[in-house]
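Written below as structure tokens is the structure these notes are about.
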Protein chains: 2
Amino acid sequence: MRIAELSERSGVPIPTIKYYLREGLLPRGEATGRNQARYGNEHLSRLRLVRALTTVGGLSVATVREVLAEVGEPGVGLHSKLGLVMRRLPLVGDDIEPREEDRERARAFVTRRDWFFYPDHPALEALAVVLAGHREAGHPVTEADLDRYAESAEQIARVDLDRISGLPEAEDVLEGAVIKTVLGDTLLAVLRRLAQVDESAERNLDEAGRRAAREG
Amino acid sequence: MRIAELSERSGVPIPTIKYYLREGLLPRGEATGRNQARYGNEHLSRLRLVRALTTVGGLSVATVREVLAEVGEPGVGLHSKLGLVMRRLPLVGDDIEPREEDRERARAFVTRRDWFFYPDHPALEALAVVLAGHREAGHPVTEADLDRYAESAEQIARVDLDRISGLPEAEDVLEGAVIKTVLGDTLLAVLRRLAQVDESAERNLDEAGRRAAREG
DNA sequence: GATAGTGGATAGTGTTGGTATCCATAGTGG
DNA sequence: CCACTATGGATACCAACACTATCCACTATC
């Protein structure tokens, strides 16, 4: 297919597709002439992946490029490659510099939960940043809350790993893993909000109030 | 205190503070002269709140302004005000337009789980967007996965509501609720990633491998 | 052979989240 | 009292980001 069809089938405007080509997010099509190229289904699916990661996942173009580069590289095994990719997925901005006490708390937490961890994993630093953010905002997280959240996180991680390992043994396993992880963050945030609404109604409204609210 | 001290104690540069004043994220100090004003602790804590929401929570300046405006308005009760604020917290970009089938699935899901919901709540539309994102990326979410995540979301919401209702009855309850909700998204995402690392190691490494990995 | 479409390059745009500069005025050490 | 720094406030500027527009020589197609 040519660029017009690629655009039509993906819903992405042609100039944007050209932009992604320039930026290396989308491989060039197979050249058939000085100014003609053919794109295949792999381009279409790559394009959809890019859109999902940027729009729903909130990743920047630069991050998507890095992640895709890692996904595309041959060599290391699936498990360690997946680990490499995960490390790149951004969690927090770097505008807050945690104190050593926050880092210490993060390490103590994973140790206390007996979680396996890499001491240099960015998620560990990210935890320190989040703890610092709470602290600086005047609402520090308690150990107890951390633990209750951790319980849920463990459950969720089991679902995540099941979903990932359940992927068919194709070459786009990593792609699927990335999508499920990145979009999974958003999915969970949304479900959490919906569950909060329910729980809040449960606690604050009686049956009549619920019926009234539901009907506008 | 004057602006220099405010800057020093918050770590936010003076020009940025002036920017927040311009943008209405921070109320003006009490004027003591044509070009002098005094700031109090409430300014400092407001400033820290703004920073936490933008840097850790990832909220835009415009969103923070809207949320703060709502928090500051008197009138409606705490419960419904909190609901109003929550509706404003962004979950997904609006670049993806879900199909009616996605919306239908979102509604069916909350109904099936017997969750109380407002038909016009943005989180419901956000769920449709996320489902659409997965679908368009070629990795649709199964009902079973949705259900497993929902279980965890319910647990999490209980923790969230406990944390919020555990806040002391001060005037900044809403502020605390906002912080805990927004930063909570990030906190959970981080914990999830850490739990994934653990779960993945659990499944893929033997004891020797774990020891080796841990030691670099 | 006219017309529309293509790949590729280069330049421009709108938004966001700040910085920098300037000014008249206020506080402060000597 | 006077030099000097700091302040509040306004305005202008800036860098990054994610596109979008234009242009060109060329190709495909009707």
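Proteins get letters first, then strands, A, B, ... in listed order; numbering begins at 1 in each.
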- Message: Students often get this wrong, so: under 4.0 angstrom with heavy atoms, is A:S60 touching a base, only sugar-phosphate, or nothing?
- Response: sugar-phosphate

- Message: If I take atom CG in residue B:D94 and atom P in nucleotide D:dA18, what distance separates them, rounded to the nearest angstrom?
- Response: 15 Å

- Task: Give me the one residue out of A:L91, A:D145, A:V130 that meets side chain to side chain contact (heavy atoms under 4.5 Å, CB included) with B:L187.
- Result: A:V130

- Query: Between D:dC19, D:dT27, D:dT20, which nucleotide has the shortest distance from any of its atoms to the side chain of A:V61?
  - Reply: D:dC19

- Carboxylate-amine/guanidinium proximity below 4.0 Å for A:R38 and A:E30: yes

- Note on the structure: B:N35 CG to C:dA24 P, in whole Å, measures 12 Å

- Message: Tell me if the CD atom of B:E143 is crowded by more than 12 foreign heavy atoms within 6.0 Å.
- Response: yes

- Is it the case that A:Y39 and A:R9 place a side-chain donor and acceptor less than 3.5 Å from each other? no

- Atom-to-atom span, CD of B:Q36 to C1' of D:dT5 - whole angstrom: 12 Å

- Query: Under a 3.5 Å cut-off for both distances, is C:dT15 Watson-Crick or wobble paired, and to whom?
  - Reply: D:dA16

- Item | Rounded distance in Å - CD1 (B:I17) to C1' (D:dA6) | 14 Å

- Message: By the 4.0 Å heavy-atom rule, please label B:A4 as base, sugar-phosphate, or nothing.
- Response: sugar-phosphate

- Query: Nearest of C:dT19, C:dT6, D:dT7 to any side-chain atom of B:T16?
  - Reply: C:dT19

- Item | Strand-adjacent residues in residues 22-30 of chain A, judged by heavy atoms under 4.0 Å from DNA chain D | A:R22

- Task: State whether the number of non-hydrogen atoms from other residues, nucleotides or ligands found under 6.0 Å of B:E8 atom CD is greater than 12.
- Result: no

- Item | Minimum-distance nucleotide (side-chain atoms of B:R34 versus C:dT25, C:dG27, D:dC26) | C:dT25

- Given D:dC19, C:dG17, C:dT6, which nucleotide is nearest the side-chain atoms of A:I3? C:dT6

- Message: Under a 4.0 Å threshold between the charged nitrogen and the carboxylate oxygen, would A:R51 count as salt-bridged to B:D95?
- Response: no

- Contacts of A:L21 and B:R2 projected onto DNA chain C by closest heavy atom; the upstream (5') one is A:L21

- Query: A:E5 CD to C:dT6 P: how many Å, rounded?
  - Reply: 10 Å

- Message: Tell me the interatomic distance from A:I14, atom CD1, to D:dC19, atom C1', rounded to whole angstroms.
- Response: 15 Å

- Query: Between C:dT16 and B:Y19, is there an OP1 or OP2 to side-chain N/O distance shorter than 4.0 Å?
  - Reply: no

- Item | Atom-pair distance (CD on A:E8; P on C:dG5), nearest Å | 12 Å

- Message: What I want to find out is whether A:R103 reaches A:E97 closely enough, with some N-O distance under 4.0 Å, to be called a salt bridge.
- Response: yes

- Query: Atom CZ of B:R65 and atom P of C:dT15: how far apart are they, to the nearest Å?
  - Reply: 14 Å

- Between B:D95 and B:Y39, which is nearer to the 5' end of DNA chain D once each is assigned its nearest nucleotide? B:Y39

- Query: Taking 4.0 angstrom as the limit, do B:E199 and B:R192 come out as a salt bridge?
  - Reply: no

- Item | Salt bridge present between B:E104 and B:R107 (N-O < 4.0 angstrom) | yes

- Ion pair check, A:R148 and B:D162, cut-off under 4.0 Å: yes

- Task: Look through every strand shown and name the nucleotide pairing with D:dC30 as Watson-Crick or G-U wobble, where both distances are under 3.5 Å.
- Result: C:dG1

Distances for protein N/O vs nucleotides 21-23 of chain C N/O pairs under 3.5 angstrom?
none

